[in-house]
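Okay, structure first, notes after.
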Amino acid sequence: MTSLMLRGGLVAALALTLSAPLAAPASAQTDLSNAQIVQGLQNLAADAPVVTAASLRQAALDHATMYSGPASQRPPLAIQLDKLAQINVQIQFKLNSAIILPESYATIGSIADALHNPVLQGYKFIITGNTDTTGTREINLKLSQERADAVLEALTTTFNINPARLEAVGLGEEALQDTKNPESPVNRRVQIFNVGPLKR
Amino acid sequence: MKKLGFLLGAGLIALAASATTGAQAQTMSYQQAGAMLAKSCGPDIMKYCANANLGGGKILGCLDANASKVSAKCKADFATAKASIAKRTMAQQAIFKVCNADAARLCQGVVPGDGNLITCLVDASKAVSKACNQTITDAGWR
């Protein structure tokens, strides 16, 4: 509640690719990243839309069936996700697989640190997986769901996040970050959205 | 008070077990634990467990199944990271019991939620009981 500078709708596009090879126990830079994650995920806007995993999944499916044209000409998803407090993270997976590569274990840990922070402990989150437009839309939808599920499983088991606080949704290539460059790797990302208090 | 004493006792045993020198006063962050796993076990994971995922104990199960081939450093650091994660999670879950009396004494009028009570207890750390302070440290909330 201390920081009112960062309101809902903030997209902190964090390049959390923490280089493992040379890094001694990371300190300052990592702490900053953790603070950024926490800030990015707090302060839900008053006009934030009500988003559920089911509605999001349906919106992605509808989007895929309704707009068959080139990716650059498709309208954005009807759900206004940009109004939610959120962060983007890059997690490295094995090619065409939901296996999280060891180089991204620290990133998953950073997300866990943020979700365990007292400021965020009373909130629920949706994890979305996103691909670029290479490959078919159907496969991308499936793969992104499996990847979001893998992140959720790592957070709820290895890092002990309460499973009641998390849901995972694969958005495939339906919610591109860079619509002008649909095949750009920036579109391959995991997003985490704050969807409101755990108990209502 | 009985409960508090018990929790403190359990904490001390865990501390004594995890650190021979007593130097390890703090738990690792989950980020540091993840980095440690990647650094010490990454090569073994890529070699023997390329199809196992981080969650659900699958990596650990696979490394165990290949114990004769996995490096000693990986085994030791995996155990360290796992113990630290468990200790931190336990501290986070125990905090409101351990710090209940301190919060009642020092944080009257603070609206619970959004981390307000923890912020109050951290700000008041000089007046907070030793057990509560240690639990906040172990929880990584300082």
Side-chain angles (χ1 to χ4, degrees), chain A residues 1-2 16 18-27 30-31 33-34 37-38 42-43 91 93-94 97-123 146-147 149-162 197-199, chain B residues 26-47 49-60 62 74 78 81-82 84-93 95-96 110-123 136 139-142:
Chain A
M1 281 286 112
T2 44
L16 281 177
L18 302 162
S19 53
L22 293 171
S27 54
T30 311
D31 292 342
S33 296
N34 276 323
I37 297 174
V38 172
Q42 69 181 336
N43 298 324
I91 290 171
F93 295 92
K94 216 171 124 182
S97 153
I99 300 290
I100 300 163
L101 293 180
E103 66 193 84
S104 288
Y105 288 1
T107 306
I108 304 277
S110 312
I111 299 168
D113 283 321
L115 296 182
H116 277 293
N117 189 293
V119 172
L120 298 179
Q121 274 216 328
Y123 293 88
E146 289 167 359
R147 287 178 168 176
D149 286 340
V151 172
L152 182 145
E153 192 190 32
L155 288 169
T156 55
T157 58
T158 309
F159 294 109
N160 299 323
I161 304 289
N162 173 5
L198 186 56
K199 291 169 232 162
Chain B
Q26 270 180 298
T27 52
M28 276 183 272
S29 70
Y30 297 112
Q31 187 274 332
Q32 286 168 325
M36 184 186 237
L37 287 186
K39 193 177 178 208
S40 302
C41 298
D44 286 326
I45 290 169
M46 296 302 275
K47 220 190 272 178
C49 307
N51 291 314
N53 228 333
L54 178 59
K58 280 168 249 161
I59 284 287
L60 185 57
C62 172
C74 167
F78 205 113
K82 198 165 179 250
S84 177
I85 291 169
K87 188 178 171 190
R88 180 169 276 217
T89 304
M90 269 171 57
Q92 292 181 355
Q93 286 165 353
I95 219 155
F96 287 102
V110 172
V111 181
D114 293 328
N116 296 340
L117 276 176
I118 303 296
T119 304
C120 165
L121 289 167
V122 168
D123 288 347
I136 292 173
W141 285 348
R142 199 164 290 287

Is the backbone of A:Ile100 close enough, under 3.5 Å, to the side chain of B:Asn53 for a donor and an acceptor to pair up by distance?
yes

Evaluate whether atom NZ of B:Lys82 has more than 12 neighbouring non-hydrogen atoms of other residues, nucleotides or ligands under 6.0 angstrom away.
no

Between B:Gly56, B:Gly140, B:Ala81, B:Gly113, which shows the greatest number of heavy-atom pairs under 4.5 Å with chain A?
B:Gly56

Any idea which of B:Leu54, B:Ile85, B:Leu37 has the most non-hydrogen atom pairs under 4.5 angstrom with chain A?
B:Leu54

Nearest 0.5 angstrom please: B:Lys39 NZ to A:Glu103 CD, how far?
15.5 Å

Counting only heavy atoms not in B:Lys47, do more than 12 fall under 6.0 Å of its NZ?
no

Proximal component of A:Leu101, with respect to chain B [non-hydrogen, under 4.5 Å]:
side chain

Contact check, side chains of A:Leu115 and B:Tyr30, non-hydrogen atoms, under 4.5 Å
no

Could you tell me which non-hydrogen atom of A:Pro102 sits nearest to which non-hydrogen atom of B:Ala38, and how far apart they are?
O-CB, 3.1 Å

Distance (rounded to the nearest 0.5 Å) between B:Ile45 CD1 and A:Tyr105 OH:
3.5 Å

To the nearest 0.5 Å, atom CD1 of A:Ile111 lies from atom CD of B:Gln31 at 11.0 Å

Portion of B:Met46 that has a non-hydrogen atom of chain A nearer than 4.5 angstrom:
side chain

With chain A as the partner, which of B:Ile59, B:Asn51, B:Leu117, B:Ile118 has the greatest number of non-hydrogen pairs under 4.5 Å?
B:Asn51

Checked B:Pro43, B:Gly42, B:Ala50 vs chain A; the most non-hydrogen pairs under 4.5 Å come from B:Ala50

Among the listed options A:Ser97, A:Ala150, A:Ala98, A:Gly109, the residue most often paired with chain B at heavy-atom distances under 4.5 Å
A:Gly109

So do B:Arg88 and A:Asp113 actually touch side chain to side chain, heavy atoms under 4.5 Å?
yes

